[in-house]
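Working notes for the structure below.
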Number of protein chains: 2
Amino acid sequence: MDTRAKILNAALRLFADHGYDAVGVQTIVEAVEVTKPTLYHYFGSKRGLFETLVREQSASLLQAVREAALYQGDITLTVHRVVQTYFDFAGKHPLFYRMLLSMWFAPPSSEYFAVVQDVLLEQHQLLEAMFRDAVSNHGNMRDRQQQYALSLRGMIDTYIRISMLGMVDLNDTAFRQRLVHQFMHGIFS
Amino acid sequence: MDTRAKILNAALRLFADHGYDAVGVQTIVEAVEVTKPTLYHYFGSKRGLFETLVREQSASLLQAVREAALYQGDITLTVHRVVQTYFDFAGKHPLFYRMLLSMWFAPPSSEYFAVVQDVLLEQHQLLEAMFRDAVSNHGNMRDRQQQYALSLRGMIDTYIRISMLGMVDLNDTAFRQRLVHQFMHGIFS
DNA sequence: TAGACGATATACCGCTTGGTATACTGGCAA
DNA sequence: TTGCCAGTATACCAAGCGGTATATCGTCTA
C-alpha cells in the first residue's frame, strides 16, 4: 500500500474514533510514520485530506443508491432495495459510515459539515426522486416526498446504529422485510 | 441574570452552534464580556462547565420521561405519552436538544461523549423498563425491550430532527398518533 | 551524464489552546 | 475598623495547532 493510501486509512480510523476536530495533523502522520510535508504534498491541507477521504469513500455508496432508488413500478420493492443497499454499505464500511453518521448530526457550521453535506444532499435527492416517481401510482403521497425521504433515511440510520451496538442483525432478511413493511404501513395509512 | 447563568447560556448557544471542540474558552468569556478566571472560578475547567450545563438542562427532561414512561396497563398510551414528552421538551429547548442529538451520535471516545452518555443511558433504562413491564400483557415482546427502546428513541429523534428542518409539525396530534400507531404496528406484527 | 521531478525530512513559523499566579475590589462579619 | 472571602481582572505559561521554507534523496528522462 502506498503512502497516500496509508494516510487516508489512518485518517479515516482516527476521524471516526475521535472526531475531526480532536485529531491533529501531527497525530495522523505519526500513525503512518511519515512527516507533515508528505501529507501536505498529497492533500494540501487538513481539510483537503478530509474532502478526498469523503469523496473517495462515498463514491461507491452514491453509485449503489443511484441504482437501487430507480423506481420501476413497485415502490415497496424499491424501498427494500434501498434499505438493503445502505445496510450492505454500512456492513462493508463500518468506520466510514459511523463517521458519516456522526457528522450528519453535527452542528451545520462546523468545518467538516460542509464537506459531508454534499454527499448527504445527493443521497437525499435520489430518495426524494424515488418517491416523486411513485406518485402517479400512489396519489396519497403527493408533496410528501421530502418528508418520506427524510424519515426513510432516519429509519435506516437508526437501525444501522442499533446494529453497530450489536443489538440486531441487518443481514436477517425477515427483519429487513418487517422494517420495510412497517415503513410502508406508515406511508399508506 | 447573574454571571454564572450568563456563562451557561452563552456556552449552550456556542456549543450547539459550533460543537464542543470548535469553541474555545476564550470565545465563551468574550461572548459574556468577562475574563477567563471568572469562568474558572465557577466551573473549574471547560469540561466542568460542560458537565454542569448538561446536568442542569437535562434534569427536567429526565424527570418528565420518568413520569411518562411509567407503564400502567396500556402500552400504546404510554408510548404516546413518552413521544409527547420528548416532542414537548425538544420544542421548549431546541438548542439543548440539538446539541444532545449531535453528541449522541459523536465518536464514543470524544471528551464530551462521556458526559452526555450518562444522560442517554438513564433515558434508555427508563424506556427499557417501560417495555419490560408491558411484557406480561404482550408475550411477543419478551427479551426485545432493549431493541424496542433503541428504535423508539431512534424514531423520536428522527422526527425531532425533521421538525427542526421545518418539514413537519410535532404539535399535530393526528401526526403523533400516526407515528405511535406505526411504531406499535412494527412491534405487534 | 545532466537535469528535472516526485517524494520525503529537518526545522521552523505565528497563533490559539486550556489553564493559572497574582493582585485587586466590594461587601459582609467580628 | 479590621479581616475575610467571593468575584473579577491583568498578565502570563507550556503545549499544541495548521502550515511552510528549505534541503535532500532516488528515479526517470533527454
Side-chain angles (χ1 to χ4, degrees), chain A residues 1-56 99 102-103 106-107 109-117, chain B residues 1-56 99 102-103 106-107 109-117:
Chain A
M1 191 164 49
D2 63 347
T3 308
R4 201 190 102 108
K6 273 194 224 163
I7 294 175
L8 285 169
N9 267 10
L12 171 57
R13 161 119 264 147
L14 288 165
F15 287 154
D17 284 352
H18 308 285
Y20 180 83
D21 285 323
V23 174
V25 173
Q26 192 64 47
T27 312
I28 300 172
V29 299
E30 271 166 22
V32 191
E33 290 180 311
V34 295
T35 54
K36 280 206 270 182
T38 302
L39 187 150
Y40 280 88
H41 169 73
Y42 287 112
F43 305 105
S45 66
K46 187 187 178 186
R47 189 192 166 122
L49 162 64
F50 181 64
E51 283 189 19
T52 307
L53 179 62
V54 170
R55 262 192 258 287
E56 293 192 1
M99 189 188 78
S102 80
M103 292 176 170
S109 79
S110 48
E111 195 193 354
Y112 47 86
F113 185 80
V115 177
V116 156
Q117 199 176 20
Chain B
M1 191 162 51
D2 63 347
T3 307
R4 201 190 101 107
K6 273 195 225 162
I7 294 174
L8 285 170
N9 268 7
L12 172 56
R13 160 120 264 146
L14 288 165
F15 287 154
D17 284 352
H18 308 284
Y20 180 84
D21 285 324
V23 174
V25 174
Q26 191 65 46
T27 311
I28 299 172
V29 299
E30 272 167 20
V32 190
E33 290 179 313
V34 294
T35 53
K36 280 206 271 182
T38 302
L39 186 150
Y40 280 88
H41 169 74
Y42 287 113
F43 305 104
S45 65
K46 186 187 180 187
R47 187 192 168 123
L49 162 62
F50 181 64
E51 284 188 19
T52 307
L53 179 62
V54 170
R55 263 193 257 286
E56 292 192 3
M99 190 188 77
S102 79
M103 291 175 171
S109 79
S110 49
E111 195 192 354
Y112 47 86
F113 185 79
V115 176
V116 156
Q117 200 176 19

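Letters go in sequence order (proteins before strands), and every chain restarts at 1.
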Figure out the [atom1]/[atom2] separation between [X] and [N], and round it to whole Å.
| X | N | atom1 | atom2 | answer |
| --- | --- | --- | --- | --- |
| B/L14 | C/dG18 | CG | P | 12 Å |
| B/F50 | C/dG19 | CZ | C1' | 19 Å |
| B/I7 | D/dG7 | CD1 | C1' | 11 Å |

- Query: Only one of B/T52, B/I28, B/L53 forms a side chain to side chain contact (heavy atoms under 4.5 Å, CB included) with B/I7, so which one is it?
  - Reply: B/I28

- A/R47 side chain near A/Y20 side chain, heavy-atom distance below 4.5 Å: yes

- Message: With a 3.5 Å distance limit and no angle check, can you tell me whether A/S102 reaches the backbone of B/P107 through a side-chain donor-acceptor pair?
- Response: no

- Message: Whether the side chain of A/K46 engages the backbone of A/V23 through a donor-acceptor N/O pair (distance < 3.5 Å, no angle test) should be reported.
- Response: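 Checking the backbone N and O of A/V23 against the side chain of A/K46, a donor-acceptor pair under 3.5 Å is found.
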
- Kindly state which residues belonging to residues 20-48 of chain B come within less than 4.0 angstrom of DNA chain D, counting heavy atoms of the residue only, listed by number.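 Listed by number, they are B/V34, B/T35, B/P37, B/T38, B/H41, B/Y42.
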
- Message: On the nucleotide D/dT8, are OP1 or OP2 found under 4.0 Å from the side-chain N or O atoms that B/T3 carries?
- Response: yes

- Shortest non-hydrogen contact between A/K36 and A/Q26, atoms and distance: CE-OE1, 3.3 Å

- Shortest non-hydrogen contact from B/S110 toward A/H18: CB-O, 4.2 Å

